[in-house]
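For reference, the structure is listed below as structure tokens.
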Amino acid sequence: MTGYGKKYEVIVVGAGHAGCEAALAAARMGCLTLLLTMGLDTVAQMSCNPSIGGLAKGHLVHEIDALGGEMGLNIDDTGIQFRRLNMRKGPAVRAGRAQADRMAYSARMKLVLESVDLLDLKQGVVDEVVVKNYRVVGVRTREGIEFSGQTVVITAGTFMRGLIHVGMNNYPGGRAGEPAADKLSDCLRSLGFVVGRLKTGTPARLSARSIDFGKLERQSGDNEIRPFSFMNDKIERNQVDCYIAHTNQKTHEIIRNNLDKSPLYAGVIEGVGPRYCPSIEDKVVRFPDKMSHQSFIEPEGVRGAEMYPSGLSTSLPADVQLQYFRSMVGFERVEIMRPGYAIEYDFVEPLQIQSTMETREVAGLYHAGQINGTSGYEEAAGQGLLAGINAALQCQQSEPLIIRRDQGYLGVMVDDLVTQETTEPYRMFTSRAEYRLLLREDNADLRLTQLGRHVGLVSDSRWQRYQEKLELMERAFSVCRDITVTNKNARLCSRFGLGELKSGVTLEQVIKRPEVTVRQVEAEVPELTGFPEKVLEQVEIAIKYEGYIARQIEQVERFVELEKVKIPDDLDYAEVTSISAEVREKLIKYRPSSLGQAGRIQGVTPAAVAVLNVYLRKKTREKTNEAGR
Amino acid sequence: MINDDDTIIAPATAVNESGLAVIRISGKSALLFLNKFFRPAVRSKEMKSHQLYLGHIVDHDQSVVDEVMAVYMASPHSYTTESVAEVHCHGSRQVVRRIIDLAGLLGIRIAQPGEFTYRAYLNGRIDLVQAEAVSRLIQSTSELSRKSALQQLEGHLSRELYRYAHTIKQLLVQIEAWIDFPEEDLPEESIGKISLSAIGIYDAMVNLMASYRTGQHVHEGAIVALAGLPNAGKSSLMNALLKQDRSIVSDIPGTTRDLIEQSTQISGIKVRLVDTAGLRHSDDFIEQEGVRRARNILTTADIILLIMDGSVPVSDLFIDLLAEFSGLQVVLVINKSDLCLVQDDVHFFSGPIVRLSAKYGEGLQDLVDMISSLLLQDHLSSSESPYITERRHYETLLTASQHLNSFIKNVGLVDLDLLSIDLRAALDSLGQITGVITTDDLLNDVFSSFCIGK
Ligand SMILES: Nc1nc2c(ncn2[C@@H]2O[C@H](COP(=O)(O)OP(=O)(O)O)[C@@H](O)[C@H]2O)c(=O)[nH]1
Ligand SMILES: [Mg+2]
């Protein structure tokens, strides 16, 4: 075994979406960082859908960006079609979604990694995490090199004991065409981690040349692109089209007749798959009354022929895949370029990490991404970012960064991971957020830039831009509060149907009217023109939704009270006498960090939380009494 | 979860059991309450701690609610170690309720069972030995909802509340699916159509809340007052209903001067019977006072038994009485049916009528049946329909119904996302009684109801 001379502060294992964010964050925060990946040509690979964002995921991207992460910038640069979803369902649930040029996305991310000063990007397969006295000290690679590091972030994706299924055939692999990482999983087990198994899948990739797009419905991008990153004002780009295709009864029949060749139904697969992303065979079996399922046909790049058919992931044999595709309108002569497959992989039960992403078992060791049982690029990137930040903060001996549920989807996600049982790959939904109206895409910068700045990840240019926005918002708000519309302005009155006014109304009151938009007002009121779109948007949302927002803020205040009551990690639950054995077991298993978190663990009753509260108070009182003596 | 930051109030004595009731307030706003609503008989700058003051509880328009004794106990020298105020008022349910309502104006909320003790414990006033007992108390508090409802009401109430929660949850599932899966081809049902079920549930909630009065009768007891002209047989009827000689019976008009009260059971309901002075003009000072008291209790009674001597023609005075009680729950009792009823034509009264003889007991059962059916308002006669007895349930249900109403009013006017806030709030309120519905439950339903997946 050869030691490697350098002493890294942060070592990141795996250069997927989580690993890239972790390494970039740590290095940008000033830590000497090493990013080790099995393959330098598959950095930030999109293993499944070639798209970023969507409901709740778009929110995550905006939050990653606000903290100083890379994902937003990367997709803004390499996106080939942009759409904003849910425009008419409320401000909090509007979300951006973009198709990416898969190769360009990966290539750009690699360039960024290569350009950061304190970051070494190396190819290498990590077999072992080196631990001394319950503290991580480095990693050992298959090539026989030992890298020493103060902290290690593992982002192994689906590679740990990955097993790929196509029909009844299966073979080890981390992704189609790439080897699995078996030793790392064994090493974690031997360190005492509880490891479970999950399953996910991906559809076949089809050749564009063999699809009759004339028979499919076309779906184009938005005319005006709204960037993901706070640093970008606009994006001018030619966009590509997607298409909508449908399965039919014939397709379903083919699938049904071949179920015995599906490892899912033959019981070969033991891992649990996600309910929100069922394979096409699952859909056909579980919803037999549905005559047709919809699929978006998405290009994987500007150049190249590969198309991704969404919603059609499968584990059926390749010949059956071809057969059912050809039963669909527009696909009569389709050619499959890569068959779809299901993959089983190991994950480490996330109740073994803390809200900082650091594991409980091994100090200095962090887990992020699919290893925690999540799915999705955005979920992975978000965890990677937090793990990278906290690893760096630990090296700098600073307080860790924990985002609360009322501050961001990032907070909701991590809190869910450490309090909920993982029974399927975890994906973010807006309905997981209790304070959804406060956690919007449009205010991610307002929620998190300050925190990003605090930990040293937000650059000067971003910080200045942010300050400018705050200032402009303040000014725009005071314009709306101060300017009144009176009778004299007859044109305005008639424009907004204000009728005869005895006394004036403020612009704020005008904007509050459901039928009035801030843009209309801007057109009539010179004092409002010149403000950037994004500033006026904040004004409009704050004014129009004031009542609902106030209600949510009130809820948050109550919520935060319980979050403030901290539970020491070494609390001896055996001493808390008046809770039931089941509840005690749960508490010992999850080790909540606050009273609020305790209450979110399934099976922990409000009564138990009350008893715990009593106990904690008595403890603090005893302590202060002792100190006073 | 009990939030111990706010101020709580509750009667410290059982209501209706005694002539005196003690109401206890604990928390930051305790003194504020006294400053606002207690007017000491002797004006003083500020209330001293641990000193008993005579005075009145007054409404915001300065009208007197009751004559009371009040004491303020500054923190930490009180039962809970917080600031505590105690008000000793008359043991009338109405008075107690009005005082609690006044406190509500200051954001003081009703204490959960055992909460004063819980706070005392939390603040270290009670020693560890009591920990077990207290925790059991707390345990029963939070489980109270499900358990007490189940046991007391054989599950009717729980089932009803679960039905509300279930329907609201279904609405929410639909909305959340529309929101979180915009790119799935989910069935397009109009939001207007699905909100119809919300209206159905809202109506049911309103009905259930209306049963609160009924439920209260079961829980706290009801006041049944006997009224009428002198010598109609009020005291005789009182004794007959009690099956004991409680009230002095004589043929001298004006025998009963003060209120005579006695609790009894009528069809399993606790009833406080109140015999009153005959309502007539009198020069006698004591009798005048008796008449005043009679009129007072009559306005707060749940049922007034207006007794009329059937053996004599009806007088104008009696017709005036009828007019005076219009709007109140009156049962006309035509007494002395053993004699020749000269006055059997009662076209002037359209409410319930019972003919009986207080002296010989004939027809008494009819009156008993009438009283019990009025108190239970048919809610129990068909024991199928649920009712509520707990004020806490009532308040929670009220909150839930307000949120649901806001949803119904907002449908079509505001965005889906905001509608979900109303529904979630309604569900959360119901959850305080029935157990909380988590996001995971919602997602489970989304996945099982719709085919979702990219
Ligand atoms: N015959 C007859 N006499 C009654 C009846 N009820 C009461 N009395 C008589 O009426 C008189 C007045 O009765 P009392 O109960 O004192 O009347 P109050 O003044 O309304 O309380 C007494 O002499 C009773 O004996 C009844 O049902 N039949
Ligand atoms: Mg009498």
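Numbers restart at 1 for each chain; the letters A, B, ... are given by sequence-line order, proteins then strands. Worth knowing before you read on, the calculation uses all heavy atoms, side chains too, and leaves out hydrogens, waters and symmetry mates.
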More than 12 foreign heavy atoms under 6.0 Å from CD of B:Gln402: is that the case here?
->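 Yes.
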
Best-contacting candidate, B:Leu418, B:Leu419, B:Leu416, against chain A by heavy atom pairs under 4.5 angstrom =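 Of B:Leu418, B:Leu419, B:Leu416, B:Leu418 has the most heavy-atom pairs under 4.5 Å with chain A.
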
Could you tell me whether a side-chain N or O of A:Lys89 sits under 3.5 Å from a main-chain N or O of B:Trp178, the two making a donor and an acceptor?
->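 Yes; at least one donor-acceptor contact below 3.5 Å.
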
Answer yes when [X] and [Y] have at least one side-chain N-carboxylate O distance shorter than 4.0 Å, and no when they do not.
X: B:Asp422; Y: A:Arg551; answer: yes
X: B:Glu176; Y: A:Arg432; answer: no
X: A:Arg436; Y: B:Asp417; answer: yes

Can you find a pair of side-chain heavy atoms, one from [X] and one from [Y], that are under 4.5 Å apart?
X: A:Ser431; Y: B:Ile179; value: no
X: A:Tyr548; Y: B:Val414; value: yes
X: B:Phe181; Y: A:Leu55; value: no

Contact class of A:Arg83 relative to chain B, heavy atoms under 4.5 angstrom =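 The side chain, not the backbone.
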
In terms of heavy-atom proximity below 4.5 Å to chain B, should A:Gln555 be classed as side chain, backbone, both, or neither?
->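 The answer is neither part of A:Gln555.
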
side-chain hydrogen bond (donor to acceptor under 3.5 Å, both in side chains) between B:Asp180 and A:Tyr276: does it pass, once the steps are laid out?
-> CA-CA 11 Å; B:Asp180 260 332; A:Tyr276 49 83; over 6 Å; no

